[in-house]
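These notes are about the structure you will find just below.
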Amino acid sequence: MRVLNVAEKPSVAKSVASILSGNQNLRMREGRSRYNKIYEFNYSINGLPCHMLVTSVTGHLMELEFEDRFRKWHACDPAVLFTAPVRKFVPQDKLDIKRTLEEVARGCQWLVLWLDCDREGENIAFEVIEVCSAVNRQLTLRRARFSALIERDIHDAVQNLVNPNKCFADAVDARQEIDLRIGASFTRFQTMLLRDAFVIESATNDRNLVLSYGPCQFPTLGFVVERYWEIQSHEPEEFWTINCSHRSDEGVATFNWMRGHFFDYTCAVIIYEMCVEEPTATVTTVRQQEKLKYAPAPLNTIQLEKRASIYFRMSSEHTMKVAEELYQAGFISYPRTETDSFSERTNLHAIVQEQQGHPGWGSYAQRLLDPASGLWRNPRNGGHDDKAHPPIHPTKFSSGESGWSQDHHRLYELVVRHFLACVSQPAVGAETTVEIDIAGELFFASGRVIVAKNYLDVYRFESWGGSLLPTYEVGQQFVPTTLTLDSGVTRPPPLLSEADLLSCMDKEGIGTDATMHDHIKKLLDRFYATKDSSMRFSPTNLGEALVMGYDDMGYKLWKPYLRAVMERDMKAVSEGAKSKAEVLETCLQQMKACFLDARLNKVKLFEAMAVFFERSNRSGGDEQHASGEFVRRCGLCQEADMVLRQNRDGNFMVGCLGFPQCRNVVWLPGSVSEAAVTTNVCNSCTPGPVYLIQFTFRRLEIPPDYSANHLGCIGGCDETLRQLTEICGTGSRLSARGRGGPAMPNNVQRSNTRQGACIYCHQTGHSSGNCPSQSSGPRSSRPQSMNVQSAAQVSISCSACGAPCALRTANTTTNRGRKFYSCQSQACNFFVWEDSINNGNRGRGFQRVNVSASASNPSRSVGHGRGGRGAVDAAGVTFVSATGDPISGRRCFVCGDPSHFANACPNRGV
């Protein structure tokens, strides 16, 4: 029977092949990839003769990525990435490995997976299964579980093969998809929003700067920033304490005040003076007891990283790199484990026996194995077991290898000494506590003597300091040698060390034992934080600004709670308690809501960045991309999305993210004050989906019988939106921007310069306000009924509320620069053109109103331009929009005929 064996790395494949073959009749040949060899030999599995073929992958064989049309940053709205289709595929640089697996798998009956025995390794195993099963569906699938590349583990694993764990693989798939969608959407959003808007000094080439966001990376940054803020906000406070010492023939004892310290100076002085007046001290208690200092629990990944950081100042990322190399060489067990308790099956004595020959700790190992010494103690249970690997322990003796660096020596020594310590008796000490009374105030002193060092003999990284106390007896009296009132000030906590940061992440469930060091490294790589020579972290301006911006929004995206919930959910998937689809839906819905809210409050990010960085004069095109909300797929280029955006002038439009290659744009009415894309989809427009937009119009700029709130569609089916675009014009201001005409799909957008027939002469080519029949010259030279001085004294009052009206300037295409009066209250609809007053017109509208003017024109009256359809005098009244253009799609209010307006009605005046 031919058996294909696949390991996670080439070095592991070589070790497995060497151990199983015993280096007898082991043949090696090249595969498609020059790094991934194929080893062949004969072996027997449970008595069944097998021809073994051993090869490897190099970590993950596949990558998860968005489909091509979503991979370009400007191809879609970042919010779409929460639901955009993704695919898992073999990247170009892994195709040779894939071809090797396919070629070998075709001729095999079994597939045995030697991937690392954790969730990540299980996921890689199923990637290998997918590739191999595609060419040979008859393969029998088996999984080898091992924790060290040593003979006993490898032989035991191949004789006790198990089935692959799909739940483990699903948990990793869920994490990968969640991290991809959240990371990509937030990273694109904040990078496009902020990169070109500010001069970010920390970036060597800020045009290529990526302001990345990771669901684990950002809470990790949050720990660093929060501690930094705690330090910055600390206000030193002075306190006072009473200290006492006594010198005798046996030495000096220092007594501490039971009260600790006082922040009230007066109270402290009063108590101190009482003690000075009656300084005789009386011994009230002498307490002696045995104290034990227990050996540490067996070593897991987090403890390995923390202790290497404290003892050797090694970064967690470098620690894991060195540990991985020691593991692959067979000197230590698998270094990525949460387990800190040994199973009963582990032969602990055999591990100790291998270390008896070491010059540094060999003698201690011999004492451990000697029953007469009484030094042996079964290791305590640390309370964690990932059911995959034992705690980290030595698997092969070494007194030092020629190729090892100093860090290899240090880490191997730590693993060995830690293991020897955890199977040793605790250190024993005799502790003495003495309490004295001075004028009613209690003081105490403590001393310790180490009786038996036990595990401390081998675990040189820890000490148990103590001091000897002179002998005291209850009732003994003496006068203190010194009695002082000393002051001090409160101090802030220190910056987080790498060990502190790992503890925070472990406590809050941020990342896993295998990934925590990667998240810390990314903070440094992205220049969100720095690490000083004391291995302590502080945030950079960039890191602090990002956290400050999200904190001001109210969403605690930098806090660990959301990610901790995700980690618990993914653990539930690995245990089979939840499905992958269920966790994906819950997490992504929650984070999409956070994303949409963050985008609405993006001004908070700008404000926070402005605290630390100068504004840039570069183009803000990316800022527009970042703020867009997806409306529909572009019908012109068929590649990018159309998103709702607001330009610098405050005008709304729906434009293609493919700009400048695609210039498709739909300008919205200039009267829009607010617009937001909803989750509602138009049932008429195709191709879909076309999301409806909730519009809010400025009441004073639309006719009175239109609602200020409108749920509309830009796909071409919305008659109300079309009419308001004609009435109010759009906000494109093409002449001001000097741009060419944009594409206008689906007949939604009309030309900005479209004009109906003049309401006076019924001719096209000019607006009603510029009709030659109404003036002998240009508007600027028309005869005025008042001189400039009197015109300045005109006071127009609202007919409804009587309040003075504001003089405004129209900004629509056909009436740009034309002035009009309107009520400042949004509850009123009063409107009248200024030139209609000056020309003596009675105004345009349906309702007659009174307008108070200067004393020289006490009886002048004008019409209401936005009134309701009440009873009116048709004579001299024209039916126009607020912009002065005819309203299309309306009927003559005199005879009801839709073919003409009231000003051209043949029945007018009849």
Side-chain angles (χ1 to χ4, degrees), residues 73 77-79 81-82 179 181-203 206-207 209-233 496 508 510 519 522-530 537-563 590-618 620-629 645-646 648 676:
W73 278 38
D77 175 12
L81 299 178
F82 283 96
D179 289 353
R181 294 185 183 279
I182 296 174
S185 57
F186 274 93
T187 297
R188 292 187 190 184
F189 161 65
Q190 62 189 28
T191 300
M192 294 189 294
L193 184 70
L194 303 173
R195 179 178 60 190
D196 289 338
F198 295 91
V199 180
I200 302 176
E201 299 168 356
S202 62
D206 53 1
R207 293 293 294 186
L209 175 68
V210 174
L211 303 181
S212 71
Y213 178 99
C216 283
Q217 169 191 324
F218 230 66
T220 304
L221 174 61
F223 291 130
V224 176
V225 174
E226 190 169 30
R227 173 58 63 88
Y228 180 76
W229 284 348
E230 188 177 347
I231 295 170
Q232 295 298 309
S233 63
L496 288 180
E508 299 295 345
I510 302 301
H519 303 317
K522 284 181 181 177
L523 293 187
L524 302 175
D525 291 344
R526 297 300 188 191
F527 207 75
Y528 289 167
T530 58
F537 291 85
S538 56
T540 62
N541 287 343
L542 180 58
E544 186 178 359
L546 291 174
V547 171
M548 182 187 296
Y550 285 112
D551 184 55
D552 290 344
M553 291 179 190
Y555 264 102
K556 302 298 182 182
L557 294 174
W558 57 280
K559 287 286 191 178
Y561 319 128
L562 289 174
R563 184 61 186 192
Q590 183 182 39
M591 289 306 299
K592 184 176 182 180
C594 292
F595 175 83
L596 295 175
D597 190 76
R599 192 164 62 179
L600 288 174
N601 292 281
K602 63 181 182 293
V603 65
K604 301 294 185 182
L605 279 174
F606 275 106
E607 292 171 353
M609 289 288 288
V611 173
F612 300 94
F613 301 103
E614 294 292 332
R615 286 302 298 259
S616 165
N617 58 3
R618 290 194 296 267
D622 284 348
E623 176 184 330
Q624 295 176 5
H625 283 298
S627 60
E629 297 178 71
R645 295 197 302 233
Q646 192 173 12
R648 286 193 179 90

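Quick note: residue numbers are just sequence positions, from 1.
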- Item | Any residue meeting side chain to side chain donor-acceptor pair (under 3.5 Å) with Glu544, in chain and number order, not counting sequence neighbours | Trp229
- Query: Considering all heavy atoms of both residues, which atom of Phe186 and which atom of Ala598 are nearest to each other, and what is their separation?
  - Reply: CE2-CB, 4.4 Å
- State, yes or no, whether a side-chain contact exists between Trp73 and Val210 at a heavy-atom distance under 4.5 Å. yes
- Carboxylate-amine/guanidinium proximity below 4.0 Å for Asp179 and Arg563: yes
- Message: Is the shortest side-chain heavy-atom distance between Leu542 and Leu211 below 4.5 Å?
- Response: yes
- For Leu562 and Cys594, what are the C-alpha separation, side-chain angles and deciding distance, and is it a side-chain contact (heavy atoms from CB on, under 4.5 Å)? CA-CA 10 Å; Leu562 289 174; Cys594 292; 4.2 Å; yes
- Query: Is a side-chain donor or acceptor of Glu508 paired with a backbone partner of Tyr561 at a separation under 3.5 angstrom?
  - Reply: no
- Task: Heavy atoms only: give me the nearest Gly214-Pro219 pair and the separation to one decimal.
- Result: O-CD, 4.0 Å
- Query: What distance separates Leu81 CG from Ile182 CD1, expressed to the nearest 0.5 Å?
  - Reply: 11.5 Å
- How are the rings of Phe606 and Phe198 set to each other: parallel, tilted or perpendicular (split at 30° and 60°)? tilted
- If every non-hydrogen atom of Tyr528 is compared with every non-hydrogen atom of Gln190, which pair is closest and at what distance? OH-NE2, 4.0 Å
- Message: Just verifying a value: how many Å separate Met548 CE and Met609 CE, rounded to the nearest 0.5 Å?
- Response: 11.0 Å
- Message: Would the distance check show the side chain of Asp551 and the main-chain N or O of Val547 forming a donor-acceptor pair, the cut-off being under 3.5 Å?
- Response: no
- Do Ile200 and Phe527 have side chains that get closer than 4.5 Å, going by heavy atoms? no
- Message: Leu600 vs Met553, test: side-chain contact (heavy atoms from CB on, under 4.5 Å). Steps then yes/no.
- Response: CA-CA 9 Å; Leu600 288 174; Met553 291 179 190; over 6 Å; no
- Note on the structure: Nearest heavy-atom approach of Pro78 to Ser185 is O-CB, 3.4 Å
- Message: List the residues meeting side chain to side chain donor-acceptor pair (under 3.5 Å) with Thr187, not counting sequence neighbours, and say none if there are none.
- Response: none
- Query: Within a strict 4.5 Å, meaning less than it, do heavy atoms of the Arg526 and Gln217 side chains meet?
  - Reply: yes
- Message: Using 0.5 Å steps for rounding, measure from the OG atom of Ser538 to the CZ atom of Arg227.
- Response: 13.0 Å
- Message: Please report the interatomic distance CG(Leu496) to CD1(Ile231), rounded to the nearest 0.5 Å.
- Response: 7.5 Å
- Message: If we ignore hydrogens and angles and just use 3.5 Å, is the side chain of Thr191 paired with the main-chain N or O of Arg188 as donor and acceptor?
- Response: no
- Counting only N and O atoms by type, is there a donor-acceptor contact under 3.5 Å from the side chain of Glu614 to the main-chain atoms of Val199? no
- Item | Heavy-atom side-chain proximity of Met591 to Pro215 below 4.5 angstrom | no
- Message: As an exercise, state the distance from OH of Tyr213 to CZ of Phe595, rounded to the nearest 0.5 Å.
- Response: 11.0 Å
- Task: Report the distance from atom CG of Leu221 to atom OH of Tyr228, rounding to the nearest 0.5 Å.
- Result: 13.0 Å
- Task: Quick one: do Trp558 and Glu226 satisfy side-chain contact (heavy atoms from CB on, under 4.5 Å)? Show the steps, please.
- Result: CA-CA 10 Å; Trp558 57 280; Glu226 190 169 30; 4.0 Å; yes
- Task: Go through the steps to decide whether Phe218 and Leu546 satisfy the test side-chain contact (heavy atoms from CB on, under 4.5 Å), and finish with yes or no.
- Result: CA-CA 9 Å; Phe218 230 66; Leu546 291 174; 3.7 Å; yes
- Task: Give the minimum heavy-atom separation between Ala79 and Arg599, together with the two atoms involved.
- Result: CB-NH2, 3.9 Å
- Query: Closest approach of Ala529 and Val224, non-hydrogen atoms and distance?
  - Reply: CB-CG1, 4.5 Å
